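Please read these numbers as outputs of a predicted model, since none were measured by experiment. Just so we're on the same page: letters track the sequence lines, and every chain starts at 1.
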Protein chains: 2
Amino acid sequence: MNRGISGANLPALRHHNAALVLDLLRAATRHGTGGISRLELAERTGLTPQAVSKITARLRAEGLAEESGRQASTGGKPRTELRLVRRARYAAGVHLDRDELTVVLADLSGERMRARTSRLDFGRPAGEVLEAVAREVRALDAGPAILGVGVAAPGPLDHASGVLHRVTGFPDWDGFPLRDALERRLGLRVVVDKDTNAAALAVLGQDAGDGSFAYLHLGTGLGAGLVLDGAVFRGERTGAGEFGHQVVQLDGPVCGCGNRGCIEAMCLAAVDRGDSAGAAYLLGVGAANLVSLLDIDRVVLGGRTVLADETLFRQEVAAVLTERTARSAGRTVPVSVAPGGTRVVADGAALLVLASVFGGAALG
Amino acid sequence: MNRGISGANLPALRHHNAALVLDLLRAATRHGTGGISRLELAERTGLTPQAVSKITARLRAEGLAEESGRQASTGGKPRTELRLVRRARYAAGVHLDRDELTVVLADLSGERMRARTSRLDFGRPAGEVLEAVAREVRALDAGPAILGVGVAAPGPLDHASGVLHRVTGFPDWDGFPLRDALERRLGLRVVVDKDTNAAALAVLGQDAGDGSFAYLHLGTGLGAGLVLDGAVFRGERTGAGEFGHQVVQLDGPVCGCGNRGCIEAMCLAAVDRGDSAGAAYLLGVGAANLVSLLDIDRVVLGGRTVLADETLFRQEVAAVLTERTARSAGRTVPVSVAPGGTRVVADGAALLVLASVFGGAALG
DNA sequence: CCACTTTCGCAACAGTGTTGCCAAAGAGCA
DNA sequence: TGCTCTTTGGCAACACTGTTGCGAAAGTGG
């Protein structure tokens, strides 16, 4: 039950509560509902109204929040609405893919403001790739209000240290300290994570939910980003979400990993022979396994293959899930396609940086 | 990134830190190493030595902790060792199984002091079963220092509300408010959880680890208890850990749940035909899926079927795991059998109550 | 016996959220 | 228009947290 070094002091408490309030402000700001009142913040956080007043006063003094209007009166003084000052800070998001480089600039609410996409050969020497990333980030011209750079790359890698491991097909990157190298080159804080985790974070950022979901990404490979109890679950070595090598057919075809019947191998085989429905069916079975094992609330799909035929994948996966989980779990699990198209991963990468403002490692 | 009502105030901060210290004291007390010094507590929690002094002073004033000796000097005043006062509080643990009732009394460190086992027909009317449980708990004669009663039952059920759902084979219990009914009858605080979660908690309590593991229980059914980042993961509806209906053979035999190739159906079929090695192999495949999906550190086995042939199951599961994960994850995943034999679940049930002292819902 | 090291508590302190109180701002009604 | 009622939200005093500075206690080693 011990959680390591997690003793909390007053600054930690302050950061925790401020992050909580900021996150609610972000959700309200982003949905364009005008804002959220102090009393509603108090209800949602469990803090007293006076505590919320103090916290929001500090945030306003720092220029992170502002009053944005008033709600209709309910018989007395109307509630004042608060919102984030979107342009107060920025974050850059980098999606480092095998053949493409996408860089976005997000404002404090996480909304994308600018985006740049260029071709990139991940197989080139590290210095060259790094230079391309640095050039694109600088081209965003974000100024001094930039908090840092989030980088999403194909796994496996280590989120804590920012070091890449044997990226499939690109052995040269094994052990490359991407975070430190990029931090030195840009002079900015850098956070590295798996592409699927970044995408999951982007989906999570859409509606500051409290529950759990799985983001399933079907593109050149098959992977997952898991959000459990409202936070991205990475595991000790950032290995969580290795969905592709779940075995669903003991005597199935041999996979590159050496085992038989991995869902990735079978799914990609179906895609290769043009059988999208078959791929979607397999995805549904894997999703049903996840739903039953982790009791998650919903499933979100993404990746090039899915985006090529959104409706088919969404409907087929939903059908399989309904058939398999309604019987046992007695509930319907919603299936959706991640909004934001091919840029979800880069959007989520930017959120990796904002997460340190909106929560993250607040109290452990 | 929002976690619902989780605003923290000073009492919450105090509880959080006190729970952290108590948990470290418990681990030190239980391992019989004599205790843990204030400075070590400070290092492990990240709190300042003076904060630890204040906290332990409060705990000693409450009678929960005491000085137990001194360590060897390293050139100056020797460190004073602290430990839990084991007899300061007690917790009862109840394992409500389909045909058996086990009740244990645990001291503050979680160690079992007394145990009672009796036959019980779970199919009898609820009132009758409840009376049997109440009688056995009262027979523990724990006195007024008892904190409460933890009850572990076969799922599905809801941990938050303490209500049972359609227990397989015993439809009468569907919707029965076990927690409230038992609280009224005993006048004690009651916590209800799935048997597999209780067992996982017992394993977790053995060494206050920080990592993640899966407890796999093979008995009349096949289920799992998941410990992620040092805490039992239950999911929103206490549905997490439904390991038995993971599909590992798309075209496999039909399972009672309606799907084909569920690991539980295939595993139990192997057990039924006396093929323990086959069952262990299947368990290993399922475990490998878990390890790869959740990046967990180790696998712990339990349940009557496993206990009937510990060595075989441990070795076979370990072999399958090594073969399948060493290639991809590049690490060896230790496999062990849960200590405590058939009473793990009851031991863990007692820990459900102690968890409210040692942490649990401290800051969220 | 004395210098040195290390542990650990006392006292003063900075800063958190909380409580009690009151001014501000609108609705509703005479 | 004027008055009352309701509700919001800030000010000030407060209780309590962990932190810092300092000194007493309790060992080791020469």
Nearest-Å distance, [atom1] ([X]) to [atom2] ([N])?
X	N	atom1	atom2	value
A:Leu10	D:dT20	CG	C1'	14 Å
A:His15	D:dG18	NE2	C1'	18 Å
B:Arg58	D:dA15	CZ	P	17 Å
A:Glu43	D:dT7	CD	P	13 Å
A:Ile55	C:dT18	CD1	P	9 Å
A:Leu41	D:dG9	CG	P	10 Å
A:Ile36	D:dT8	CD1	C1'	16 Å

Exercise. From the list C:dG26, D:dA26, D:dT20, which nucleotide is the closest neighbour of the side chain of A:Arg70?
Worked result: C:dG26
Exercise. Under 4.0 Å between a Lys/Arg side-chain N and an Asp/Glu carboxylate O for B:Glu66 and B:Arg86?
Worked result: no
For this session: Applying side-chain hydrogen bond (donor to acceptor under 3.5 Å, both in side chains) between B:Thr238 and each of B:Asp193, B:Asp158, B:Asn197, report the one that passes.
Result: B:Asp158
Problem set entry | Phosphate OP1/OP2 of D:dT17 contacted by B:Asn17 side-chain N/O (<4.0 Å) | no
Problem set entry | Phosphate OP1/OP2 of D:dT17 contacted by A:Asn9 side-chain N/O (<4.0 Å) | no
For this session: Check side-chain contact (heavy atoms from CB on, under 4.5 Å) between A:Arg112 and all other residues, then give those that pass, not counting sequence neighbours.
Result: A:Val104, A:Ala115, A:Arg343, A:Asp347
For this session: Please check if any side-chain donor atom of A:Asp297 sits under 3.5 Å from a side-chain acceptor atom of A:Ser212, or the reverse.
Result: no
Exercise. So which heavy atom on A:Ala142 is nearest to which on A:Tyr90, and how close?
Worked result: O-CD1, 4.1 Å
Problem set entry | Beyond-backbone contact of A:Leu354 with A:Arg89, side-chain heavy atoms, under 4.5 angstrom | no
For this session: Would you mind building the protein contact string for nucleotides 2-11 of chain C? One character per nucleotide, 5' to 3', B for base within reach (heavy atoms under 4.0 Å), S for sugar-phosphate only, - for untouched.
Result: ---BBBSBBB
